[in-house]
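For reference, the structure discussed in these notes is given below.
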Amino acid sequence: MTTTPLTPPSVPLGLPTLRSGTHGVPALPEGVRLGKKDFTSDSEVRWCPGCGDYAVLAAVQGFLPELGLRKENVVFISGIGCSSRFPYYLDTYGMHSIHGRAPAIATGLVATRPDLSVFVVTGDGDALSIGGNHLIHAMRRNVNVTILLFNNRIYGLTKGQYSPTSEVGKVTKSTPSGSLDAPFNPVSLALGAEASFVARTLDSDRKHLTSVLRAAAEHRGTSLVEIYQNCPIFNDGAFDVLKDRDESVARLVKLEHGQEVVFGAEGSQKAVVRSASGFGVEVIGLDEARASGREVIVHDAETADPSLAFALSRLDEPTMAHVPVGVFRAHNRPTYDDEVRTQLDAAREASGRSRQWRATDADLEALLRGSDTWSVE
Amino acid sequence: MHVTTGIHPQAASAPTTKQVEVLDRVVIRFAGDSGDGMQLTGDRFTAETASMGNDLATLPNFPAEIRAPAGTLPGVSSFQLHFADHDVTTPGDAPDVLVAMNPAALRANVHDVRPGGTLIIDTDDFTTRNLAKVGYATSPLEDGSLEGYRVHALPMQSMTVEALKDLGLSRKDAERSKNMFALGLLSWLYERPTEQTEKFLRAKFGKRAAVLEANLRAFRAGWAFGETTEAFPVRFTVPPAPAEKGLYRNITGNTALAYGLVAAAHRAGLPLALGSYPITPASDILHVLSGLKRLGVTTLQAEDEIAAVGMALGASFGGALGVTTTSGPGLALKSETIGLAVALELPLVIVDVQRGGPSTGLPTKTEQSDLLQAMYGRNGESPVPVVAPSTPADCFDAAVDAVRIAVEYRTPVLLLSDGYLANGSEPWKVPTAHDVHAVDPDFATDPNSTAADGVTPQFRPFLRDPDTLARPWAVPGTAGLEHRVGGLEKADVTGEISYDPANHDRMVRLRRAKVKGIEVPDIVVDTGDDSDAHHAHAGAHHEASDLLVLGWGSTRGPITAAVREARRRGLRVAQAHLRHLNPLPANLGEVLLAHEHVLVPEMNLGQLALLLRGRYLVDVISCNQVRGLPFTSTEIVEAIEDVVAGRVRETPRRDAR
């Protein structure tokens, strides 16, 4: 088995080359390249016209070949919801499971199969409502899976109820007087749950989406990618301000590792600095920052301490005046599945066997006998 | 028969001046506070007894509270052991001997002791306050209320403290070894070998020299007390029971079940992956398996019951043998994922160690009330094979059987153990690897069909084996067989999503037919006519017994004991026991109809009876109890006598054919 060479992302995310998330997954033979078509299944895609999922599917089918993996070693596992139909459309191994449980199923798979590159496809309802528990535990364990969280801030498949990322006051079929509960910020949640890779991107920015996805797939450990995705039927235009050419420049805070966090159009650029009071960050004019000598935050996605990434995630607010996107955190720490296998290896070695040892009949019989036996003759 | 133990017990070989009386069977119950170490004492006495070659059965019985207030009735923990020079099937209805470490233990247990039985009582805690705590107005040691028993009132705690006095332990620490004093005394009284217990103590406390010394000394002091005191003029011995030639060990149901999973996975050539969330009384299976990493066993302690079964299913999807272990409340949480496994048609073993319900119920007590949940506790038509072990050692074979069915038929299988089997133990003839059924996972490696052009190879994930109706198991990493599975209804053969009405009807029936078609052995009826059990077909020409006692799961022991007793009383009673609850054995209908009456004892309110009535239109008679304890054989004997005497009225019988 060879390690897949890391292809540099097309959008500079400023990430270092770490031990790859696909380490141990067999690569294609030298000279063999797959294309988008190879990853496209025969199944007819059945999302609504204009759904943001199409763009994400196209991006995924486009970047998968770049990983250089054998497609039989790629697995997509999803839960329930519109986005969870995703695995049917990829010609890899796949499982469309049950509501919210994909991270648990994926955990069992990667813990026993180091030779697979495993993706979880989920939505805001699937991941953050019914499956919240599995999501946070996958992240705290740092299971080597890439989680694509399609966030359209609405329940699509059940026809338009508010979701755990809907803004307060959302009027839907189930909340005619407006929703009452405060939404999750998925990035903050993931950082709080110890996720080792956390990113956000948009369905409409193919280049950024592809770069983030590739970085996520190549990260070893749980990668959570929140993808803002438009539901044209039940929550159309939720992210329009981030898609408009002019508006997006003023609002999108593109995080790049090692770079100052600045954004906005030439002439009215803004900077993210440590807040004057408290522990967070705030946005001020870049000129003001320079003039006052306030240090502009330099994004460090790799640092072990997630506090700064968390502070950046708190820049979100309901009007989407400034929305950080990109990789918030890409910190290398041991993965659960690698450690599970390490313990098995260590136990074999401790019993005087090699790591590759597989139990024999004699090993089994020794177990069954135990230490307190007697013979009847 | 000759028994070699490989042990030269110091106790048994030490010169004794006491008379030795030979008994054919003894039932002993150890009882004390939850913190008194009664389970450990019972375990050790059992191990000593097993190594003597006695047949035995045990019944640990403890509260759900880890440490209930000291000296109270809710805090009493007990361990009962029945050992004999012959085949033993139950832990015994009534103890011959009760070891009671305090007033609460006496009060909670003395009414179970057979009249004339022996009470060995630690008197140190018999203070006015402690007596009052459990509702004794006067001391039973003095008020004559124990007159019907042989009472040995001994200050065991004080004697333990005295034996340890130069070790520099606090009185409290020294008192903690009183259970070993009791064990030493009982080991002396019943001529049990002591070497294994000393070895055990060395292994357990080896790193804590003072604790080890205290336990060893207390143990030896108890033994020496028996030998020297005038209080016990007679020692007892129970000769070994006849047994098949071979190597034996004692084993609990949970350990046997864990080993069965490991052995079956090994023989299938599959890595074993357990996803589990701790729950009483199933947790010991997780504990045992988590210690077997050297054998390649992966254990994942999940965040909840749902994740646990999800992890197991994920592992199965990847080509491992996925297993999850739980009890009733956990099974309820897992039901949606089990339904997914039914739809995916992947191997999965779900172990339910049943306990008293509903809800949290009686966490540490046994019951058989999850049968209907196992059969039907899922949405949709969702057939799942159900296998139930009948004795602690049988948990091994039942687990092997469950794995065989899961792998061969690509289906989730429910293995229904219970709290009594889980913690109870019995001697087990240790099998060799080749005694364990080998099953071939038969992974798909090549396309199994061609495309419409008749040439291009194609993989059809739901093209079934015509014999078993099992679908191919193609695991990720197999080139050319990439496919998607899921919980949405799939088109027959191709596995594409399908909402076609006729296809759904067909798939529902196919899944049922697959489970119905699982090969399970015919049920064997023991007619008691001779020493051999009769196969139903072979027995057709026999004059049928009037009454069949039919059970499933852990009621086998008490039913067997009861049927033997009924026969001793001259009644014609046949016995049969179900291992497979789904599918039921093919000859079961015939067997039911061959008997005038069918009595079904269950530790629930008639769940198997409901299934039998629904399936065979046979008017079975239920015998039920849900006290959290196994049946006593007496209860079942009484039920048998009632049926024979016509005291249970049935509705008019119909022809089920």
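Fair warning: this is a prediction, and the values are worked out from it, not measured in the lab. Just so we're on the same page: letters track the sequence lines, and every chain starts at 1.
For B/His483, the parts lying under 4.5 angstrom from a heavy atom of chain A are both the backbone and the side chain. Heavy atoms of B/Pro476 lying under 4.5 Å from chain A belong to its backbone as well as its side chain. Proximity to chain B is absent for every atom of A/Arg355, based on heavy atoms less than 4.5 angstrom apart. A/Arg101 touches chain B through its side chain: at least one heavy atom from C-beta onward sits under 4.5 Å away, while N, CA, C and O do not. Heavy-atom distances place the side chain of A/Leu116, and not its backbone, under 4.5 Å from chain B. At a 4.5 Å heavy-atom cutoff, the contact between A/Tyr336 and chain B is made by side-chain atoms alone. Both the backbone and the side chain of B/Ala50 come within contact range of chain A, judged by heavy atoms closer than 4.5 Å. Using a 4.5 Å cut-off between heavy atoms, B/Val309 makes no contact with chain A at all. Contact annotation for A/Ser371: only backbone heavy atoms (N, CA, C, O) come within less than 4.5 Å of a heavy atom of chain B. Only the side chain of B/Leu340 comes within contact range of chain A, with heavy atoms under 4.5 Å apart.
Side-chain atoms of B/Ser498 and B/Lys490 form no donor-acceptor pair, as typed in the model, at a separation below 3.5 Å. When only modelled atom types and interatomic distance are considered, B/Arg192 and B/Thr49 share a side-chain donor-acceptor pair under 3.5 Å. No hydrogens or angles considered: a donor-acceptor pair under 3.5 Å links the side chains of B/Thr255 and B/Thr252. Using modelled atom types and a 3.5 Å distance limit, the side chains of B/Asp43 and B/Thr46 yield no donor-acceptor pair. A donor-acceptor contact closer than 3.5 angstrom is absent between the side chains of A/Arg220 and A/His23. Between the side chains of B/Asn250 and A/Asp372, no donor-acceptor pair is found at a separation under 3.5 Å.
Using a 4.0 Å cut-off between charged side-chain N and carboxylate O, A/Asp337 and A/Arg341 make a salt bridge. Under the 4.0 Å criterion applied to side-chain N and carboxylate O atoms, B/Glu305 and B/Lys334 are assigned as salt-bridge partners.
Ranked by heavy-atom pairs under 4.5 Å with chain B, the first of A/Arg348, A/Arg70, A/Arg141, A/Lys71 is A/Arg141. Comparing A/Thr360, A/Asp363, A/Val118, A/Ile80 by how many heavy-atom pairs each has under 4.5 Å with chain B, the most go to A/Thr360. Counting heavy-atom pairs closer than 4.5 Å to chain B, the top-ranked of the candidates A/Asn73, A/Val110, A/Val340, A/Leu344 is A/Leu344. Here A/Asp91 is the residue among A/Asp345, A/Asp91, A/Ile136 with the most heavy-atom pairs under 4.5 Å with chain B. In terms of non-hydrogen atom pairs under 4.5 Å with chain B, the most contact-rich of A/Ala347, A/Ala359, A/Gly94 is A/Gly94. Comparing A/Val74, A/Ile77, A/Leu90 by how many heavy-atom pairs each has under 4.5 Å with chain B, the most go to A/Leu90.
In this structure, B/Arg484 fails the cation-pi test against A/Tyr93, since its NZ or CZ atom is not both closer than 6.0 Å to the six-membered ring centre and inside 45 degrees of the ring normal.
Residues A/Leu28 and A/Leu69 share a closest heavy-atom pair of CG-O, 3.5 Å.
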